[in-house]
Protein chains: 2
Amino acid sequence: MAKIKRNKNGTRKDVIIAKAAKLFREKGFSATSMRDLAENVGVEAASLYNHISSKGEILQEICFRIANTFLSHIEQVDATDEPSISKVEMILRFHIRQMIENYEEVYVSDREWKHLTDPYLSNMQAQRRAYRQRFASIIQQGIERKEIKAIDAPTVVLIMLHAVSGIESWHRSKQKIPAEQLEENMVQILIEGLRNK
Amino acid sequence: MAKIKRNKNGTRKDVIIAKAAKLFREKGFSATSMRDLAENVGVEAASLYNHISSKGEILQEICFRIANTFLSHIEQVDATDEPSISKVEMILRFHIRQMIENYEEVYVSDREWKHLTDPYLSNMQAQRRAYRQRFASIIQQGIERKEIKAIDAPTVVLIMLHAVSGIESWHRSKQKIPAEQLEENMVQILIEGLRNK
DNA sequence: ATTTTTGTCTAACAGCTGTTAGCTTTATAG
DNA sequence: CTATAAAGCTAACAGCTGTTAGACAAAAAT
């Protein structure tokens, strides 16, 4: 078979990871075999190992890449001096856009991280916990400043993060409303549900 | 090994399905082997086949049982003459409670139905689509009656259904707030975000 | 033009997968 | 107490799993 065609500014490893993300999303990590992946890449299974060291490494790359994206974004937002409710909105909007634009990887990172193996598994669990706590404390601050309704902050986080993952259905639906409208609708419901009137 | 202990009013098959639901939730359908399941049930893998006909059948039972529960509930709610926004709230509360009380099966049904095989897969897809449409049309009615904000109804459905699945995090968290409070918090945010002021 | 590096291939491995056949043990019914 | 039915066991199957070794080919570097 022919060589893996790499697109400009990207390694062959990147091509493999992108195809893997698509398959992992469609069928799940465990149900995707290296031979499945190889076929999609246009190569024999053994050839993949010139670019990656194991199936698990692919999942690690996806999960940690995404985790870093979100972690560095929340730090950036938290460093501003916007009102808390605006911070929450910024974070929510970032989640929505990432889920729209970087769908496959974000989705996989969210659903399949359980299949990581230690030490990566523990590391990822810690990162996720830290992220949620950071998010919750922004909300908590908003509550104390009376910008946000007096509601259990971790519950708010849980609703926001999971609501966003519903964008998967949007991707699969035939008649998609425009992405901007989707974003505004979600913000409308979730942020208005939060605001202290 | 000893026999499968069945609890009163339940068959051995029910015991197997309950254990399977727990494992499918923890590790996913594909990553759970029949030998895993057998060990958890306290029996050899081959013995399971005296009670079930295949691994897939277990998933089918879980998924269709849950789908029927929700479908018959939405029909019951829709038959009342409550205001639309109250119908939405009733449906939301039912989802929350099911997710709290019947956690394993509801969660598995929601996350693992993709691993069903045809004709069950197509059937389940159709049922899910029908449910979402039914839910959306209740919301649409609420919009027309000015009870609910003018927002894309399918987007609302998507947010509600996915937000509820966040209750998984609640189950796994150490310091759980009481179930009733969780329910009120979720309703507070989601229904108030929806209501036309 | 030749060496070196990179990438792909085939063949094979050891272990796990769901499932079946056939035999034995335990519980139920007569 | 005996006959029947239900539930368990061991052993085995064919196919799939992730991964490695080693040979060959193409591309890059010298």
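So you know, we letter chains A, B, ... as the sequences are listed, proteins then strands, and number each from 1. The structure presented is a predicted model; accordingly, all values stated were derived computationally and were not measured.
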Please tell me if the side chains of B/F70 and B/I91 come closer than 4.5 Å, counting only heavy atoms from C-beta onward.
-> no
At under 4.0 Å between heavy atoms, what does B/S30 touch on the DNA or RNA strands: base, sugar-phosphate, or nothing?
-> nothing
Does B/R35 have a side-chain nitrogen or oxygen under 4.0 Å from the phosphate oxygens OP1 or OP2 of C/dC16?
-> no
In whole angstroms, the gap separating P of D/dT20 from NZ of A/K55 amounts to 15 Å
Does a side-chain N or O from A/H51 land closer than 4.0 Å to OP1 or OP2 of C/dT6, or not?
-> no
Atom-pair distance (OH on A/Y49; P on C/dC9), nearest Å = 15 Å
For B/H115, enumerate each residue passing the ring-ring contact (aromatic ring centres under 6.0 Å, His included) test, keeping only those at least two apart in sequence or located in another chain.
-> B/F29
For atom NZ of B/K13 and atom P of D/dA6, their distance in whole Å = 15 Å
Taking only the side-chain heavy atoms of A/A46 (C-beta and beyond), determine which of C/dG7, C/dT10, C/dT17 contains the nearest atom.
-> C/dT10
For A/E57 and D/dG18, give me the distance from atom CD to atom C1', rounded to whole Å.
-> 14 Å
Whole angstrom is fine here: how far is it from CE in B/M34 over to C1' in C/dT17?
-> 11 Å
Pair B/D14-B/T11, side-chain donor/acceptor within less than 3.5 Å = yes
For D/dA7, does OP1 or OP2 lie under 4.0 Å from any side-chain N or O of B/S47?
-> no
Using atom CD1 of A/I52 as one end and atom P of C/dG7 as the other, report the distance to the nearest whole Å.
-> 13 Å
Just how far, in rounded Å, is P of C/dT17 from CG of B/L23?
-> 13 Å
Report the distance from atom CG of B/D36 to atom P of C/dC16, rounded to the nearest whole Å.
-> 11 Å
Over 60° means perpendicular and under 30° means parallel, so classify the ring planes of B/Y103 and B/Y107, tilted if in between.
-> tilted
Given D/dT19, D/dG8, C/dG18, which nucleotide is nearest the side-chain atoms of A/S54?
-> D/dT19
Using distance alone, with no hydrogens and no angle criterion, decide if A/D118 and A/S122 have a side-chain donor and acceptor under 3.5 Å apart.
-> yes
With nearest nucleotides of DNA chain D determined for A/S53 and B/N50 from heavy-atom distances, which residue corresponds to the more 5′ nucleotide?
-> B/N50
Could you please name the option among D/dT19, C/dT10, D/dG8 that lies closest to any side-chain atom of A/E44?
-> C/dT10
